[in-house]
Amino acid sequence: MEALSRLLRALRQRLWSGPGAPWPRPPARGCSGGSDYRELCARAAREPGPFWGALARQTLLWDTPHHTDCEGDFARGRVRWFLGGRLNVAANCLDRHAQHSPNRVALIWEKDEPGTEERVTYRELLEMTCRLANTLKKNGIKKGDRVAIYMPVCPLAVAAMLACARIGAVHTVVFAGFSGESLAGRISDAECKAVITCNQGVRGGRVIELKKTVDEAVENCPSVKCVFVAQRTANKVHMGSRDILLEEEMAKEASVCPPEIMDSEDMLFMLYTSGSTGKPKGIVHSQAGYLLYVALTHKHVFDYKQGDVFGCVADIGWITGHSYIVYGPLCNGGTTVLFESTPIYPDPGRYWETVQRLRINQFYCAPTALRLLLKHGDEYVKKYDRSSLTALGSVGEPINREAWQWFYSVVGEERCTLVDTWWQTETGGICVAPRPSEKGAEIVPAIAMRPFYGITPVLMDEKGKVIEDNNVSGALCIAQPWPGMARTIYGDHQRFIEAYFKTYPGYYFTGDGAYRTEEGYYQITGRMDDVLNISGHRLGTAEIEDAMDEHPAVPETAVVGYPHDIKGEGAFAFIVLRDDTAHPEIVSKEVKAIVASKIAKYAVPDHILVVKRLPKTRSGKIMRRLLRGIVTGNICDLGDITTLDDPSVITEILDTYEKYKAQHPTL
Ligand code: PRX
């Protein structure tokens, strides 16, 4: 006990005690996270409860401190952190900073219109949030109610998330590129009582009809009692009986709203993501553990210091936006950029012009954008001043060496730390990244590398045994709970257990494969299940197939991933036509339109190949593995085909594919 108290005392002295306090403070250059990285990792692994408990007390603003650090385990798939603790996430992200530094800039909104920006201070964001929170309350939204947010990246979207957090409502942000049908599916599953949207969005100079899509979606969603509509453009849109002009109503409300005090484990938000089977799942994150984890990872992976401008160019509709545009930076009292545009609007210099104008210090983006930009040459980068940059980050998909090198050398002028960060919607925040690390430790290009404190990665072999050696590949699991992990799938805890804790009992299975190098670093090799990663966005092949199956002329479909120059991975679809009279080109076009309207444009397969039949096992299961082998050029390595019903199907499909490939040289 005495040793534990000593450890905690030492930890408390060293651990971060608010924005700007030193722990573990990496030097401005290089990749170190402090000389005691190993020691802290070992402590976090040995005593996770006290380790995180001390950090929670030091980092967050509590109404009531917690009495129990952690409860539960992976065996039961139920983990809870900081029990007995009570707090409000919005108060943590706003009030304490607004009190001390009301005029500090919280948000810099880089609008779609080139060269335009708007700054929002902590005082202003707090007021905006309170007015919005009061508007929600006035319209009957209360603690525990679910609210869908379907908005572009803008200050009101952030205020909407924080307003929900302030009154204890649960937000579910839906990426504004999703179709009406996808939005409706999410609203129905979450039984949302309200939707917050904009009249229109603007992206890359194009107007996006958000309100129209919401109208389509809510038509079949009886749970929705009101739709709040903010004005992003000057254009009028149709307003129905349950529609409410958001800014008008907010103006009538008080700019003060007392925060609802929440239990640590109450739901903060849910975010839908794709799995290998079935419909997207509503991943649930809770209050205290999530907030603590994203604040600490934001601070230590990027070496974020008070006064820095943090530029994460993701969309708030994804977990990256939640954790590293909104909750992490704001909990740390930081200044965070909201990037509404695209990397190539008005030209491929947009990111770097923004870096120059806003003096961004940490820049966090997806490899897809880098692959696209590097094709446009270095001039678009070099003509802008990037001297403010200290750290670069990559997220969402494996970063290839060429993109890594370009980012590091051309964008970062070989003086910025580049962190390839691996994590998932389910993990809440970054789990593996080159930083923190030991002082002076190296960074290996294009490898996520090191676990964050308290993350215990393990690799499993095919038999489900932990692999101890280095220089091996295996299924990436995490052995020990951490505060930022998801708590459940909304409305289906059994699915949560089955998806993450059944394959390797006692471990969290990530769904990814990884290679552990000689030195013990982790390199993510990609999904091991039927989940695609298109431009860093997760999509289940089953989701795309289900949409394509809606076409009356298409009885059977199979979708697999194939390597794509820019997107990293693209979707390749095989379809069988019901009869020979159907015109393949017309059907393909219609199938693509169905996918766009049922899911989103980015889910539309790049290629649709009509085949006579699909490879199936004798019991009738489609063998996607063989199709993947064909489109990835691994036909010599198709694995076991003894269960295949009729092996001649392989040569038949291969012939058709070769002919198609001859007509599509980019494949
Ligand atoms: O396959 C991994 C890939 O993205 C998946 C998680 O997707 P999502 O939940 O949408 O979250 C994306 C943003 C965190 C993972 O299972 N992935 C994410 N980061 C990396 C990655 N693959 C390789 N390297 C990464 N750095």
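Atoms within a ligand are numbered from 1 in the order they appear, just like the ligands themselves. Keep in mind that this is a model prediction, so the values were computed, not measured.
Between Phe178 and Phe175, the ring planes are perpendicular. Angles over 60° get that label, and only those under 30° would be called parallel. Using bins of under 30°, 30° to 60° and over 60° for the plane-to-plane angle, the ring pair Tyr351/Phe363 lands in the perpendicular bin. Aromatic ring orientation, Phe74 versus Tyr508: tilted (interplanar angle from 30° to 60°).
For Glu519, the CD atom counts as densely surrounded, since its 6.0 Å shell holds more than 12 non-hydrogen atoms of other residues, nucleotides or ligands. Within 6.0 Å of CZ on Arg527 lie more than 12 heavy atoms contributed by other residues, nucleotides or ligands.
Heavy-atom minimum distance, Cys41 versus Pro451: SG-O, 4.3 Å.
Taking a cut-off of under 4.0 Å to the non-hydrogen atoms of Val395, the atoms of ligand 1 that pass are 13 (C), 14 (C). Every atom of ligand 1 with a heavy atom of Thr421 under 4.0 Å away is listed here by number and element: 19 (N), 20 (C), 25 (C), 26 (N). Annotation for ligand 1: atoms under 4.0 Å from non-hydrogen atoms of Trp423 are 6 (C), 14 (C), 15 (C), 18 (C), 19 (N).
Regarding atom 2 (C) of ligand 1, its nearest protein heavy-atom neighbour is Asp512 OD2, 3.0 Å. Distance from atom 7 (O) of ligand 1 to its nearest protein heavy atom, with residue and atom name: Arg538 CD, 3.1 Å.
Every pair passing salt bridge (Lys or Arg N to Asp or Glu O under 4.0 Å) that includes a residue from residues 560-570 is listed here, sequence neighbours excluded: Lys375-Asp565, Lys567-Asp606.
Put simply, part of Gly396 is less than 4.0 Å from ligand 1, judged by heavy atoms. Contact between Gly511 and ligand 1 is absent, with no heavy atom of the residue lying under 4.0 Å from the ligand.
Ser323 and Tyr290 are linked by a side-chain donor-acceptor pair at a separation below 3.5 angstrom, with hydrogens and angles left out of the test.
For atom 23 (C) of ligand 1, the nearest non-hydrogen atom from the set Gly568, Ala446, Pro398 belongs to Pro398. The heavy atom nearest to atom 11 (O) of ligand 1, out of those in Ile524, Thr425, Leu476, is found in Thr425.
Close N/O approach between Thr320 and ligand 1 is not found [any backbone or side-chain N/O within under 3.5 Å]. Inclusion of Ser394 in the set of residues having an N or O under 3.5 Å from an N or O of ligand 1 is not warranted. Considering both main-chain and side-chain atoms, Asp420 comes within under 3.5 Å of ligand 1 through a nitrogen or oxygen pair.
Proximity of Glu397 to ligand 1, defined as any heavy-atom pair under 4.0 Å, is confined to the backbone N, CA, C and O atoms. When non-hydrogen atoms are compared, ligand 1 lies under 4.0 Å from the side chain of Asn533 (C-beta onward) but not from its backbone.
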Check the pair Arg350 / Glu110 against salt bridge (charged side-chain N to carboxylate O under 4.0 Å, His left out), numbers first and verdict last. CA-CA 11 Å; Arg350 180 64 186 262; Glu110 172 66 12; 2.9 Å; yes

